[in-house]
Amino acid sequence: MEMDHKKTPYFNQVQAYVKRHHVQHDVPGHKGHLDNELSSFIGKKAFTMDVNAPRGLDNLNKPTGVIKEAAELMADAFHAEKAYFLTGGTTMGILSMIMSICRANEKIIMPRNVHKSVISALILSGAVPIFIKPQLDNHLGIANHMALEDIRQAIHDHPDAKAVFIINPTYFGVTSDIKAIVDLAHEHDMIAMTDEAHGSHFPFSQQLPLSSMRAGADMSACSLHKTVGSLTQSSILIAQGPRIDHIRLRSTINMLQSTSPSNLLLSSLDVARKTIYFEGPVKLPQVIRMAADARRKIAAIPGLAVADKAYFQALGATGYDETKIIVKVSDLGITGFDVYKELFDEHRVTVELAETHLILAVLSIGTTKADLDALVNALKKISQKYQKQQLPPLQAKFSYTYPEAYTRPRDAYHAPKKYVPYDQSVDEIAAESVMIYPPGIPIVIPGEIITADILEDLDLYKRSGSVILSDTEGGYIKVVDKDLWFKWEEDHAND
Ligand SMILES: Cc1ncc(COP(=O)(O)O)c(C=O)c1O
(Lines give C-alpha, C1' and ligand atoms only; values in the text may rest on other atoms or scores of the structure.)
Protein backbone atom coordinates (compact mmCIF):
# COMPACT_ATOMS: atom_id res chain seq x y z
CA MET A 1 0.00 0.00 0.00
CA GLU A 2 1.32 3.43 -0.94
CA MET A 3 2.20 5.55 2.08
CA ASP A 4 1.27 9.17 2.51
CA HIS A 5 4.59 11.02 2.78
CA LYS A 6 2.86 14.36 3.27
CA LYS A 7 2.27 13.24 6.84
CA THR A 8 4.65 14.12 9.68
CA PRO A 9 2.97 12.21 12.52
CA TYR A 10 5.58 12.79 15.18
CA PHE A 11 6.08 16.48 14.50
CA ASN A 12 2.32 17.04 14.40
CA GLN A 13 1.89 15.43 17.79
CA VAL A 14 4.66 17.60 19.29
CA GLN A 15 2.96 20.71 17.88
CA ALA A 16 -0.40 19.59 19.30
CA TYR A 17 1.16 19.09 22.73
CA VAL A 18 2.80 22.53 22.68
CA LYS A 19 -0.52 24.15 21.77
CA ARG A 20 -2.20 22.63 24.82
CA HIS A 21 0.00 24.80 27.10
CA HIS A 22 0.46 22.29 29.90
CA VAL A 23 1.66 23.31 33.34
CA GLN A 24 4.92 21.37 33.56
CA HIS A 25 5.79 19.55 36.75
CA ASP A 26 7.92 17.05 34.87
CA VAL A 27 11.46 17.28 33.45
CA PRO A 28 13.16 19.05 31.68
CA GLY A 29 14.02 21.67 34.25
CA HIS A 30 13.74 24.64 31.92
CA LYS A 31 9.94 23.95 31.95
CA GLY A 32 9.67 25.35 28.48
CA HIS A 33 9.85 28.96 29.60
CA LEU A 34 12.97 29.61 31.67
CA ASP A 35 14.69 32.79 30.45
CA ASN A 36 18.33 32.55 29.61
CA GLU A 37 20.76 33.73 26.93
CA LEU A 38 20.10 30.70 24.79
CA SER A 39 16.31 31.00 24.87
CA SER A 40 16.48 34.68 23.99
CA PHE A 41 18.89 33.92 21.12
CA ILE A 42 17.09 30.98 19.53
CA GLY A 43 13.58 31.81 20.67
CA LYS A 44 11.30 30.34 23.31
CA LYS A 45 9.62 27.96 20.86
CA ALA A 46 12.63 25.65 20.76
CA PHE A 47 12.37 25.32 24.55
CA THR A 48 8.59 24.83 24.61
CA MET A 49 9.02 22.02 22.08
CA ASP A 50 11.72 20.39 24.18
CA VAL A 51 9.51 18.19 26.32
CA ASN A 52 10.32 14.78 27.68
CA ALA A 53 8.03 12.21 26.04
CA PRO A 54 4.70 13.02 27.66
CA ARG A 55 1.55 11.08 26.86
CA GLY A 56 0.85 10.75 23.17
CA LEU A 57 4.44 11.32 22.09
CA ASP A 58 5.31 7.62 22.15
CA ASN A 59 8.49 6.01 23.48
CA LEU A 60 11.61 5.79 21.33
CA ASN A 61 12.73 2.67 23.17
CA LYS A 62 9.52 0.82 22.34
CA PRO A 63 7.52 2.75 19.76
CA THR A 64 3.88 1.88 19.35
CA GLY A 65 2.37 5.24 18.34
CA VAL A 66 3.58 8.30 16.44
CA ILE A 67 7.25 7.32 16.50
CA LYS A 68 6.33 3.93 15.05
CA GLU A 69 4.28 5.64 12.35
CA ALA A 70 7.05 8.13 11.56
CA ALA A 71 9.61 5.31 11.43
CA GLU A 72 7.42 3.35 8.99
CA LEU A 73 7.31 6.37 6.69
CA MET A 74 11.09 6.71 7.05
CA ALA A 75 11.65 3.04 6.17
CA ASP A 76 9.41 3.40 3.12
CA ALA A 77 11.24 6.52 1.90
CA PHE A 78 14.60 4.73 2.21
CA HIS A 79 13.35 1.49 0.57
CA ALA A 80 13.96 -0.35 3.85
CA GLU A 81 11.76 -2.70 5.84
CA LYS A 82 12.45 -1.07 9.15
CA ALA A 83 13.90 2.24 10.35
CA TYR A 84 15.14 3.19 13.81
CA PHE A 85 15.45 6.85 14.80
CA LEU A 86 18.73 7.70 16.51
CA THR A 87 19.57 10.79 18.54
CA GLY A 88 23.25 9.87 18.92
CA GLY A 89 24.27 10.34 15.29
CA THR A 90 25.44 7.68 12.89
CA THR A 91 28.10 6.95 15.50
CA MET A 92 25.28 5.31 17.44
CA GLY A 93 24.04 3.51 14.35
CA ILE A 94 27.46 2.06 13.65
CA LEU A 95 27.89 0.95 17.26
CA SER A 96 24.45 -0.69 17.13
CA MET A 97 25.05 -2.46 13.82
CA ILE A 98 28.39 -3.96 14.79
CA MET A 99 27.49 -4.77 18.41
CA SER A 100 24.27 -6.49 17.37
CA ILE A 101 26.01 -8.67 14.79
CA CYS A 102 29.51 -9.44 16.15
CA ARG A 103 30.26 -11.07 19.46
CA ALA A 104 33.75 -11.01 20.99
CA ASN A 105 36.43 -12.55 18.76
CA GLU A 106 34.13 -12.79 15.73
CA LYS A 107 35.53 -11.36 12.53
CA ILE A 108 34.28 -8.47 10.44
CA ILE A 109 35.77 -7.49 7.08
CA MET A 110 36.15 -3.75 6.53
CA PRO A 111 38.30 -1.13 4.83
CA ARG A 112 40.97 0.48 7.01
CA ASN A 113 39.70 4.03 6.27
CA VAL A 114 36.71 3.64 8.59
CA HIS A 115 35.42 6.37 10.90
CA LYS A 116 36.43 6.37 14.57
CA SER A 117 32.98 5.09 15.60
CA VAL A 118 33.79 1.78 13.90
CA ILE A 119 36.91 1.42 16.04
CA SER A 120 34.80 2.18 19.13
CA ALA A 121 32.37 -0.55 18.01
CA LEU A 122 35.27 -2.99 17.68
CA ILE A 123 36.41 -2.18 21.21
CA LEU A 124 32.92 -2.46 22.68
CA SER A 125 32.01 -5.67 20.85
CA GLY A 126 35.45 -7.31 20.98
CA ALA A 127 35.15 -8.13 17.27
CA VAL A 128 38.28 -8.74 15.21
CA PRO A 129 38.66 -6.44 12.19
CA ILE A 130 39.93 -7.98 8.97
CA PHE A 131 41.19 -4.82 7.35
CA ILE A 132 41.26 -4.30 3.63
CA LYS A 133 43.58 -1.65 2.31
CA PRO A 134 41.43 0.83 0.39
CA GLN A 135 42.59 2.10 -2.99
CA LEU A 136 44.97 4.93 -2.25
CA ASP A 137 44.97 8.06 -4.35
CA ASN A 138 48.48 9.46 -4.11
CA HIS A 139 47.66 12.45 -6.29
CA LEU A 140 45.03 13.78 -3.86
CA GLY A 141 46.43 12.05 -0.79
CA ILE A 142 43.17 10.33 0.17
CA ALA A 143 41.83 6.78 0.49
CA ASN A 144 39.03 5.79 -1.88
CA HIS A 145 36.99 2.67 -2.63
CA MET A 146 37.64 -1.01 -1.87
CA ALA A 147 38.61 -3.23 -4.79
CA LEU A 148 36.22 -6.14 -5.30
CA GLU A 149 39.19 -8.52 -5.63
CA ASP A 150 40.39 -7.53 -2.17
CA ILE A 151 36.97 -8.31 -0.67
CA ARG A 152 36.90 -11.63 -2.51
CA GLN A 153 40.33 -12.49 -1.12
CA ALA A 154 39.40 -11.45 2.43
CA ILE A 155 36.23 -13.57 2.29
CA HIS A 156 38.26 -16.50 0.94
CA ASP A 157 40.87 -16.13 3.70
CA HIS A 158 38.28 -15.60 6.46
CA PRO A 159 35.20 -17.66 5.57
CA ASP A 160 34.17 -17.52 9.24
CA ALA A 161 33.73 -13.71 9.17
CA LYS A 162 30.28 -12.59 10.33
CA ALA A 163 29.95 -9.46 8.25
CA VAL A 164 31.33 -7.17 5.59
CA PHE A 165 31.34 -3.44 6.39
CA ILE A 166 31.09 -1.04 3.44
CA ILE A 167 31.48 2.74 3.36
CA ASN A 168 28.89 4.15 0.92
CA PRO A 169 30.35 6.65 0.06
CA THR A 170 33.67 7.69 1.60
CA TYR A 171 33.83 11.13 3.17
CA PHE A 172 35.01 12.34 -0.23
CA GLY A 173 32.05 10.82 -2.09
CA VAL A 174 33.65 7.73 -3.64
CA THR A 175 31.77 4.42 -3.81
CA SER A 176 32.85 0.81 -4.17
CA ASP A 177 30.90 -1.77 -6.17
CA ILE A 178 28.35 -2.10 -3.37
CA LYS A 179 25.99 -4.42 -5.26
CA ALA A 180 28.74 -6.94 -6.03
CA ILE A 181 30.13 -6.73 -2.47
CA VAL A 182 26.69 -7.29 -0.94
CA ASP A 183 26.08 -10.28 -3.24
CA LEU A 184 29.47 -11.73 -2.37
CA ALA A 185 28.84 -11.31 1.35
CA HIS A 186 25.44 -13.00 1.08
CA GLU A 187 26.81 -15.88 -1.00
CA HIS A 188 29.10 -16.57 1.96
CA ASP A 189 26.40 -16.16 4.56
CA MET A 190 27.77 -12.88 5.85
CA ILE A 191 25.84 -9.75 6.78
CA ALA A 192 26.42 -6.71 4.56
CA MET A 193 26.28 -3.49 6.57
CA THR A 194 27.02 0.02 5.38
CA ASP A 195 28.17 3.32 6.75
CA GLU A 196 26.02 5.78 4.80
CA ALA A 197 26.86 8.76 6.98
CA HIS A 198 27.57 10.71 3.81
CA GLY A 199 25.07 9.01 1.50
CA SER A 200 21.66 9.50 3.10
CA HIS A 201 20.47 11.42 0.03
CA PHE A 202 21.31 8.57 -2.40
CA PRO A 203 17.79 7.05 -2.47
CA PHE A 204 16.29 10.29 -3.75
CA SER A 205 17.92 10.70 -7.15
CA GLN A 206 18.90 8.22 -9.81
CA GLN A 207 21.79 10.49 -10.70
CA LEU A 208 23.44 9.56 -7.40
CA PRO A 209 25.25 6.31 -6.59
CA LEU A 210 23.27 3.23 -5.58
CA SER A 211 21.91 3.34 -2.03
CA SER A 212 22.67 0.46 0.29
CA MET A 213 19.07 -0.76 0.54
CA ARG A 214 18.72 -0.77 -3.28
CA ALA A 215 21.97 -2.74 -3.41
CA GLY A 216 20.44 -5.35 -1.08
CA ALA A 217 22.50 -4.57 2.05
CA ASP A 218 21.08 -5.87 5.32
CA MET A 219 21.56 -2.74 7.36
CA SER A 220 22.82 0.81 7.09
CA ALA A 221 23.45 3.81 9.31
CA CYS A 222 22.65 7.17 7.71
CA SER A 223 23.43 10.68 8.97
CA LEU A 224 20.33 12.51 7.80
CA HIS A 225 21.79 15.55 9.51
CA LYS A 226 24.79 15.56 7.17
CA THR A 227 23.21 15.57 3.72
CA VAL A 228 19.42 15.45 4.06
CA GLY A 229 18.62 18.39 6.35
CA SER A 230 17.63 17.15 9.81
CA LEU A 231 19.24 18.67 12.92
CA THR A 232 22.80 17.78 13.84
CA GLN A 233 23.09 14.45 15.67
CA SER A 234 19.88 12.99 14.23
CA SER A 235 20.41 9.81 12.21
CA ILE A 236 18.65 6.59 11.33
CA LEU A 237 19.47 2.92 11.19
CA ILE A 238 17.64 1.10 8.42
CA ALA A 239 17.43 -2.61 7.78
CA GLN A 240 15.84 -5.22 5.56
CA GLY A 241 15.77 -8.93 4.93
CA PRO A 242 15.74 -12.17 6.89
CA ARG A 243 19.29 -12.00 8.26
CA ILE A 244 18.51 -9.31 10.83
CA ASP A 245 17.35 -10.26 14.31
CA HIS A 246 15.31 -7.17 15.14
CA ILE A 247 14.87 -8.10 18.79
CA ARG A 248 18.63 -8.14 19.28
CA LEU A 249 19.09 -5.01 17.16
CA ARG A 250 16.43 -3.08 19.09
CA SER A 251 17.91 -4.14 22.44
CA THR A 252 21.40 -3.03 21.30
CA ILE A 253 20.05 0.34 20.14
CA ASN A 254 18.25 0.76 23.46
CA MET A 255 21.48 0.13 25.37
CA LEU A 256 23.08 3.06 23.56
CA GLN A 257 20.07 5.38 23.25
CA SER A 258 19.27 7.98 25.87
CA THR A 259 16.00 7.46 27.73
CA SER A 260 15.42 11.20 27.22
CA PRO A 261 15.79 11.63 23.45
CA SER A 262 15.43 15.16 22.14
CA ASN A 263 12.12 15.56 20.37
CA LEU A 264 13.55 18.49 18.43
CA LEU A 265 15.90 15.95 16.86
CA LEU A 266 13.12 13.41 16.33
CA SER A 267 10.80 16.06 14.82
CA SER A 268 13.60 17.14 12.52
CA LEU A 269 13.96 13.56 11.24
CA ASP A 270 10.24 13.33 10.58
CA VAL A 271 10.17 16.63 8.67
CA ALA A 272 13.46 16.03 6.81
CA ARG A 273 12.05 12.76 5.47
CA LYS A 274 9.03 14.52 4.04
CA THR A 275 11.16 17.28 2.51
CA ILE A 276 13.69 15.00 0.84
CA TYR A 277 10.95 12.65 -0.34
CA PHE A 278 9.22 15.41 -2.30
CA GLU A 279 12.02 17.84 -3.04
CA GLY A 280 14.98 15.48 -3.44
CA PRO A 281 14.04 14.12 -6.88
CA VAL A 282 13.68 17.67 -8.22
CA LYS A 283 16.38 19.54 -6.35
CA LEU A 284 19.19 16.96 -6.22
CA PRO A 285 19.64 16.99 -10.03
CA GLN A 286 19.73 20.80 -9.82
CA VAL A 287 22.40 20.62 -7.11
CA ILE A 288 24.41 18.21 -9.28
CA ARG A 289 24.18 20.68 -12.19
CA MET A 290 25.20 23.62 -9.98
CA ALA A 291 28.13 21.59 -8.62
CA ALA A 292 29.27 20.75 -12.18
CA ASP A 293 29.11 24.42 -13.10
CA ALA A 294 31.10 25.41 -9.99
CA ARG A 295 33.68 22.70 -10.76
CA ARG A 296 34.13 24.09 -14.28
CA LYS A 297 34.68 27.61 -12.90
CA ILE A 298 37.08 26.41 -10.21
CA ALA A 299 39.07 24.33 -12.69
CA ALA A 300 39.63 27.53 -14.71
CA ILE A 301 41.21 29.31 -11.70
CA PRO A 302 45.03 29.27 -11.94
CA GLY A 303 46.67 26.85 -9.51
CA LEU A 304 43.44 24.97 -8.70
CA ALA A 305 42.11 21.67 -10.00
CA VAL A 306 38.99 19.64 -9.30
CA ALA A 307 38.32 15.93 -9.06
CA ASP A 308 35.08 14.68 -10.62
CA LYS A 309 33.27 11.43 -11.32
CA ALA A 310 35.41 10.63 -14.37
CA TYR A 311 38.57 11.13 -12.28
CA PHE A 312 37.47 8.64 -9.61
CA GLN A 313 36.07 6.13 -12.09
CA ALA A 314 39.40 6.16 -13.93
CA LEU A 315 40.92 5.06 -10.61
CA GLY A 316 38.48 2.13 -10.44
CA ALA A 317 35.70 3.57 -8.27
CA THR A 318 32.18 2.44 -9.13
CA GLY A 319 30.50 5.74 -8.46
CA TYR A 320 30.95 9.25 -7.21
CA ASP A 321 28.57 11.53 -5.34
CA GLU A 322 28.49 14.62 -7.52
CA THR A 323 27.01 16.78 -4.77
CA LYS A 324 30.53 17.00 -3.34
CA ILE A 325 33.24 19.31 -4.64
CA ILE A 326 36.90 18.44 -4.15
CA VAL A 327 39.36 21.21 -4.97
CA LYS A 328 43.06 20.41 -5.22
CA VAL A 329 44.90 23.46 -3.94
CA SER A 330 48.45 22.23 -3.36
CA ASP A 331 49.72 23.37 -6.76
CA LEU A 332 49.49 26.89 -5.33
CA GLY A 333 52.22 25.82 -2.88
CA ILE A 334 49.84 25.87 0.09
CA THR A 335 47.90 23.13 1.88
CA GLY A 336 44.18 22.50 2.05
CA PHE A 337 44.45 23.47 5.73
CA ASP A 338 45.77 26.91 4.71
CA VAL A 339 42.91 27.39 2.24
CA TYR A 340 40.29 26.19 4.72
CA LYS A 341 41.53 28.74 7.25
CA GLU A 342 41.71 31.55 4.72
CA LEU A 343 38.21 30.81 3.39
CA PHE A 344 36.89 30.81 6.95
CA ASP A 345 38.79 33.82 8.34
CA GLU A 346 38.94 36.14 5.35
CA HIS A 347 35.88 35.21 3.29
CA ARG A 348 33.39 33.79 5.83
CA VAL A 349 33.05 30.66 3.72
CA THR A 350 33.07 27.33 5.57
CA VAL A 351 33.90 24.13 3.77
CA GLU A 352 33.52 20.65 5.23
CA LEU A 353 37.15 19.71 5.62
CA ALA A 354 40.71 20.13 4.50
CA GLU A 355 43.40 17.61 3.75
CA THR A 356 47.02 18.29 2.84
CA HIS A 357 46.29 18.68 -0.88
CA LEU A 358 42.61 19.58 -1.00
CA ILE A 359 39.47 21.04 0.44
CA LEU A 360 36.05 19.38 0.33
CA ALA A 361 32.72 21.21 -0.01
CA VAL A 362 29.55 19.25 0.78
CA LEU A 363 26.39 20.42 -1.00
CA SER A 364 22.77 19.54 -0.35
CA ILE A 365 19.28 20.59 -1.37
CA GLY A 366 19.93 23.56 0.95
CA THR A 367 22.79 24.87 -1.23
CA THR A 368 22.04 27.90 -3.38
CA LYS A 369 23.78 29.26 -6.48
CA ALA A 370 24.79 32.31 -4.44
CA ASP A 371 26.53 30.01 -1.92
CA LEU A 372 28.52 28.41 -4.71
CA ASP A 373 29.36 31.79 -6.27
CA ALA A 374 30.74 32.87 -2.87
CA LEU A 375 33.01 29.80 -2.81
CA VAL A 376 34.20 30.30 -6.39
CA ASN A 377 34.89 34.03 -5.84
CA ALA A 378 36.76 33.42 -2.60
CA LEU A 379 38.89 30.74 -4.30
CA LYS A 380 39.67 33.20 -7.12
CA LYS A 381 40.97 35.73 -4.58
CA ILE A 382 43.03 33.10 -2.76
CA SER A 383 44.52 31.97 -6.06
CA GLN A 384 45.42 35.55 -7.05
CA LYS A 385 47.12 36.11 -3.70
CA TYR A 386 49.26 32.96 -3.84
CA GLN A 387 49.98 33.05 -7.55
CA LYS A 388 51.89 36.26 -6.88
CA GLN A 389 54.06 34.48 -4.32
CA GLN A 390 55.05 31.79 -6.86
CA LEU A 391 55.50 29.07 -4.25
CA PRO A 392 56.62 25.65 -5.46
CA PRO A 393 53.72 23.13 -5.65
CA LEU A 394 53.53 20.76 -2.69
CA GLN A 395 54.83 17.34 -3.57
CA ALA A 396 52.50 14.37 -3.30
CA LYS A 397 53.56 11.67 -0.89
CA PHE A 398 53.87 8.50 -2.91
CA SER A 399 53.74 5.84 -0.25
CA TYR A 400 50.87 5.67 2.17
CA THR A 401 51.04 2.75 4.54
CA TYR A 402 48.69 1.48 7.18
CA PRO A 403 50.20 0.13 10.39
CA GLU A 404 50.29 -3.59 11.13
CA ALA A 405 47.92 -4.85 13.82
CA TYR A 406 49.50 -6.81 16.65
CA THR A 407 46.23 -7.52 18.42
CA ARG A 408 42.50 -6.71 18.23
CA PRO A 409 41.51 -3.20 19.38
CA ARG A 410 39.70 -4.44 22.49
CA ASP A 411 42.79 -6.29 23.80
CA ALA A 412 44.96 -3.20 23.46
CA TYR A 413 42.26 -1.03 24.98
CA HIS A 414 42.15 -3.20 28.11
CA ALA A 415 45.88 -3.99 28.34
CA PRO A 416 48.14 -2.29 30.93
CA LYS A 417 49.20 1.11 29.61
CA LYS A 418 52.03 3.54 29.75
CA TYR A 419 52.47 6.99 28.26
CA VAL A 420 55.46 7.74 26.06
CA PRO A 421 56.47 10.86 24.09
CA TYR A 422 55.49 10.56 20.41
CA ASP A 423 59.10 10.58 19.25
CA GLN A 424 59.86 7.55 21.43
CA SER A 425 56.83 5.51 20.39
CA VAL A 426 58.08 3.73 17.25
CA ASP A 427 57.45 -0.05 17.50
CA GLU A 428 55.18 0.39 20.52
CA ILE A 429 51.62 -1.00 20.37
CA ALA A 430 49.09 1.85 20.37
CA ALA A 431 46.46 1.76 23.11
CA GLU A 432 44.44 4.70 21.74
CA SER A 433 43.22 6.02 18.41
CA VAL A 434 44.82 9.15 17.00
CA MET A 435 43.21 11.06 14.14
CA ILE A 436 42.64 14.46 12.67
CA TYR A 437 39.08 15.70 12.83
CA PRO A 438 37.39 16.00 10.46
CA PRO A 439 37.41 13.42 8.85
CA GLY A 440 37.89 11.37 12.04
CA ILE A 441 39.55 8.45 10.27
CA PRO A 442 42.15 7.12 12.71
CA ILE A 443 45.77 7.18 11.61
CA VAL A 444 46.52 4.60 14.28
CA ILE A 445 44.10 2.50 16.35
CA PRO A 446 44.51 0.44 19.53
CA GLY A 447 46.47 -2.73 18.80
CA GLU A 448 48.46 -1.36 15.86
CA ILE A 449 52.23 -1.01 15.86
CA ILE A 450 53.37 2.61 15.62
CA THR A 451 55.77 3.36 12.76
CA ALA A 452 58.03 6.31 11.91
CA ASP A 453 55.79 6.91 8.87
CA ILE A 454 52.75 7.48 11.08
CA LEU A 455 54.65 9.87 13.30
CA GLU A 456 55.78 11.81 10.25
CA ASP A 457 52.14 12.19 9.08
CA LEU A 458 51.02 13.27 12.54
CA ASP A 459 53.80 15.81 12.72
CA LEU A 460 52.67 17.29 9.41
CA TYR A 461 49.07 17.49 10.61
CA LYS A 462 50.14 19.12 13.88
CA ARG A 463 52.17 21.72 12.06
CA SER A 464 49.19 22.44 9.77
CA GLY A 465 47.10 23.42 12.80
CA SER A 466 44.63 20.52 12.32
CA VAL A 467 42.56 19.32 15.25
CA ILE A 468 44.20 16.12 16.49
CA LEU A 469 41.85 13.87 18.44
CA SER A 470 43.39 11.44 20.92
CA ASP A 471 42.99 10.53 24.60
CA THR A 472 46.42 11.77 25.66
CA GLU A 473 47.66 15.36 25.65
CA GLY A 474 50.99 17.12 25.87
CA GLY A 475 52.98 15.29 23.19
CA TYR A 476 52.45 11.84 24.73
CA ILE A 477 50.70 8.76 23.35
CA LYS A 478 49.12 5.92 25.28
CA VAL A 479 50.72 2.58 24.43
CA VAL A 480 50.52 -0.96 25.77
CA ASP A 481 52.95 -1.63 28.63
CA LYS A 482 54.36 -4.88 27.24
CA ASP A 483 56.30 -5.64 30.44
CA LEU A 484 53.07 -5.91 32.37
CA TRP A 485 50.98 -7.57 29.68
CA PHE A 486 50.37 -11.29 29.94
CA LYS A 487 49.65 -11.58 26.19
CA TRP A 488 53.05 -10.19 25.27
CA GLU A 489 54.70 -12.54 27.77
CA GLU A 490 52.79 -15.52 26.37
CA ASP A 491 53.51 -14.61 22.74
CA HIS A 492 57.21 -14.07 23.47
CA ALA A 493 57.80 -16.85 26.00
CA ASN A 494 60.20 -18.61 23.64
CA ASP A 495 61.98 -15.53 22.24
C1 LIG B 1 32.35 8.15 7.36
C2 LIG B 1 31.66 8.53 8.62
N3 LIG B 1 30.99 7.59 9.30
C4 LIG B 1 30.34 7.86 10.44
C5 LIG B 1 30.34 9.13 10.97
C6 LIG B 1 29.62 9.39 12.25
O7 LIG B 1 28.47 10.12 12.00
P8 LIG B 1 27.78 11.07 13.09
O9 LIG B 1 28.57 12.34 13.11
O10 LIG B 1 26.39 11.23 12.57
O11 LIG B 1 27.84 10.38 14.40
C12 LIG B 1 31.02 10.15 10.30
C13 LIG B 1 31.05 11.52 10.84
O14 LIG B 1 31.76 12.38 10.40
C15 LIG B 1 31.70 9.83 9.10
O16 LIG B 1 32.39 10.77 8.43
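Remember, it's a predicted structure, so these values are computed and weren't measured experimentally. Indexing begins at 1, ligand by ligand and atom by atom, following the structure's order.
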Please determine if Lys82 forms a cation-pi arrangement with Tyr84, meaning its NZ or CZ atom is less than 6.0 Å from the six-membered ring centre and no more than 45° off the ring axis.
yes

Under a strict 4.0 Å criterion on non-hydrogen atoms, which protein residues are in contact with ligand 1?
Gly89, Thr90, Thr91, Ile94, His115, Tyr171, Asp195, Ala197, His198, Ser223, His225, Lys226, Ser235, Tyr437

Heavy-atom distance under 4.5 Å between the side chains of Leu353 and Phe172, does that happen here?
yes

Any carboxylate oxygen within less than 4.0 angstrom of a Lys/Arg side-chain nitrogen, looking at Lys107 and Asp160?
yes

Test Tyr402 against Glu448 for side-chain hydrogen bond (donor to acceptor under 3.5 Å, both in side chains), laying out the working first.
CA-CA 9 Å; Tyr402 285 108; Glu448 286 181 341; over 6 Å; no

Should Glu352 and Tyr340 be marked as a side-chain hydrogen bond (donor to acceptor under 3.5 Å, both in side chains) after you check the CA-CA gap, both sets of side-chain angles, and the distance that decides it?
CA-CA 9 Å; Glu352 172 64 16; Tyr340 180 100; over 6 Å; no

Give, for atom OG of Ser364 and atom CD1 of Ile276, the distance between the pair rounded to the nearest 0.5 Å.
8.0 Å

